[in-house]
Amino acid sequence: MPTRLKGVIAAIPTPITEAGEPDVALFLKAARHLLGHGCDGLNVLGTTGEATSFSLVQRSNLMTAIAGSDLPKDRLMVGTGAASVADAAALTCHAAACGFAGALLLPPFYYKGVSDEGVFRYVEQIVKASAAPAIPIYLYHFPALSGVRYDASLVRQLLQAFPGRIAGLKDSSGDMDYARQMAALSTAFDVFPSTEACLAEARTGRFAGCISATANLNSSDCSKAFHHNDDAALARAVAVRKSFDGKPLIPGVKAGLALMLNAPSLTRVLPPLVA
């Protein structure tokens, strides 16, 4: 099994060509920059990466290009969730074959009011399909967008049914009590809140780190906060995050990173987002 992910993980955006395809060369440039400036890892093709706006083929092709690059796959988690269980299973299997350190799995997000049993069956099919080679699966809890929750009872059931496969959870709910409840389920279950503000608690070992969109812009301070107990750096990192309150997060992060890398095309987003 891959090394467990830990620390500051940026939810890297996906640069887009004029034709609407992932811009592989610019993606690799951004990834190298982030890994060289404080990020312990990257979350590829997550919400900030506009994953659900790309086709299955586009997502698979970007994974393949990353696998063939010099990026350290043991530091990369990739989003493989889809409304279709077959698509999610195919993406998760491809992530495993490419050597990614983990697959980040949204729950099935079209039907609302689904039961825990229904979500369990969805995850079960993906776990079984991706058994060889096995890839650690991280649950992606983002009920504001998915409309479907990974509640504690369901997560316990998944941990019991698939020991060693359900590696952790990214919590984008903003509910720190929920994140703490998840972190208390098992020492082998790594929880990553989506805010830099959690890094003080992560230093104690309660959380494995954070997976944040704004870590694209404040990764150096996030690293100082997590690895060197630098509270001034933590305050600066949190202030950057807070500056996005009430503003479009994904286009804003892409615009900021475009300035940092002198890459104007990085501001492009896919519909329905607007630059």
Side-chain angles (χ1 to χ4, degrees), residues 1-7 9 40-46 63 72-82 84-109 114-143 146 148-173 175 177-194 198 201-202 204-211:
M1 295 288 280
T3 303
R4 286 167 69 169
L5 294 162
K6 186 178 181 181
I9 298 179
D40 298 293
L42 300 175
N43 171 203
V44 178
L45 288 171
M63 288 188 213
K73 268 64 73 179
D74 61 346
R75 296 170 66 184
L76 306 181
M77 167 194 297
V78 62
T80 61
S84 157
V85 68
D87 285 351
L91 287 167
T92 304
C93 289
H94 192 57
C98 287
F100 284 91
L104 183 64
L105 189 64
L106 279 167
F109 49 79
V114 296
S115 64
D116 280 358
E117 180 187 358
V119 179
F120 179 92
R121 290 178 58 203
Y122 172 91
V123 176
E124 178 183 40
Q125 287 195 37
I126 294 162
V127 170
K128 289 181 176 179
S130 60
I135 184 170
I137 289 175
Y138 292 82
L139 307 175
Y140 189 4
H141 184 68
F142 200 173
S146 71
V148 179
R149 295 179 58 85
Y150 282 118
D151 284 322
S153 58
L154 172 59
V155 174
R156 285 194 197 94
Q157 187 181 5
L158 290 169
L159 288 170
Q160 290 168 2
F162 311 113
R165 289 299 310 280
I166 308 299
L169 177 141
K170 179 190 176 188
D171 177 32
S172 293
S173 69
D175 181 349
D177 287 339
Y178 169 87
R180 295 180 188 111
Q181 182 186 23
M182 293 298 103
L185 290 176
S186 169
T187 57
F189 186 66
D190 293 328
V191 173
F192 295 86
S194 63
C198 81
E201 285 186 75
T204 70
R206 170 174 276 167
F207 301 125
C210 74
I211 302 175

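Each residue takes its place number in the sequence, starting with 1.
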task = Could you check L5 against M77 for side chain to side chain contact (heavy atoms under 4.5 Å, CB included), going step by step and ending with a plain yes or no?
result = CA-CA 8 Å; L5 294 162; M77 167 194 297; 3.7 Å; yes
Please name the pair of heavy atoms, one in [X] and one in [Y], separated by the smallest distance, quoted to 0.1 Å.
{"X": "L105", "Y": "G81", "result": "CD1-CA, 3.9 Å"}
{"X": "Y138", "Y": "A101", "result": "CE1-O, 4.4 Å"}
{"X": "A97", "Y": "P133", "result": "N-CG, 4.4 Å"}
{"X": "L106", "Y": "S146", "result": "CD2-CB, 4.4 Å"}
{"X": "L139", "Y": "L104", "result": "O-CD1, 4.0 Å"}
{"X": "G79", "Y": "N43", "result": "N-ND2, 4.2 Å"}

Approximate separation, where rounding is to 0.5 Å, of [X] [atom1] and [Y] [atom2]:
{"X": "E201", "Y": "R206", "atom1": "CD", "atom2": "CZ", "result": "5.0 Å"}
{"X": "S172", "Y": "I211", "atom1": "OG", "atom2": "CD1", "result": "8.0 Å"}
{"X": "R180", "Y": "L185", "atom1": "CZ", "atom2": "CG", "result": "14.5 Å"}
{"X": "S194", "Y": "F142", "atom1": "OG", "atom2": "CZ", "result": "7.0 Å"}
{"X": "L169", "Y": "L158", "atom1": "CG", "atom2": "CG", "result": "10.5 Å"}

task = Go through the steps to decide whether V123 and I166 satisfy the test side chain to side chain contact (heavy atoms under 4.5 Å, CB included), and finish with yes or no.
result = CA-CA 10 Å; V123 176; I166 308 299; 4.3 Å; yes
Say whether, by atom type as modelled, one donor and one acceptor occur between the side chain of [X] and the main chain of [Y] under 3.5 angstrom.
{"X": "R75", "Y": "D40", "value": "yes"}
{"X": "D171", "Y": "S173", "value": "yes"}
{"X": "R165", "Y": "V127", "value": "yes"}

Does some side-chain heavy atom of [Y] sit less than 4.5 Å from a side-chain heavy atom of [X]?
{"X": "V148", "Y": "P143", "value": "no"}
{"X": "C210", "Y": "F192", "value": "no"}
{"X": "V114", "Y": "Y122", "value": "no"}
{"X": "P193", "Y": "V191", "value": "yes"}

key: Y178 six-ring centre to R149 NZ/CZ under 6.0 Å and within 45° of normal   =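 Satisfied, under 6.0 Å and within 45°.
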ask   = Does anything in residues 85-102 pair up under salt bridge (Lys or Arg N to Asp or Glu O under 4.0 Å), and if so which pairs, sequence neighbours excluded?
value =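 Output for this query is empty, none listed.
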task = Verify the neighbour count for atom NZ of K73: are there more than 12 heavy atoms of other residues, nucleotides or ligands below 6.0 Å?
result =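 More than 12 within 6.0 Å, yes.
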task = Please state whether the rings of Y150 and H141 are parallel, tilted or perpendicular, taking 30° and 60° as the class boundaries.
result =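 Tilted, since the angle between the ring planes falls between 30° and 60°.
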task = Begin from the C-alpha positions of I137 and S130 and carry the test side chain to side chain contact (heavy atoms under 4.5 Å, CB included) through to its verdict.
result = CA-CA 10 Å; I137 289 175; S130 60; 4.3 Å; yes
query = Hey, are E124 and K128 close enough for a salt bridge, meaning a charged N less than 4.0 Å from a carboxylate O?
reply =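 Judged by the 4.0 Å cut-off on N to carboxylate O distance, E124 and K128 do form a salt bridge.
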task = Scan side-chain atoms only and decide if T80 and T92 contain a donor-acceptor pair under the 3.5 Å cut-off.
result =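 Yes, side-chain donor-acceptor contact under 3.5 Å.
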query = For residues 181-191, which residue pairs qualify under side chain to side chain donor-acceptor pair (under 3.5 Å), counting only residues two or more places apart or in two chains?
reply =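 Output for this query lists R4-D190.
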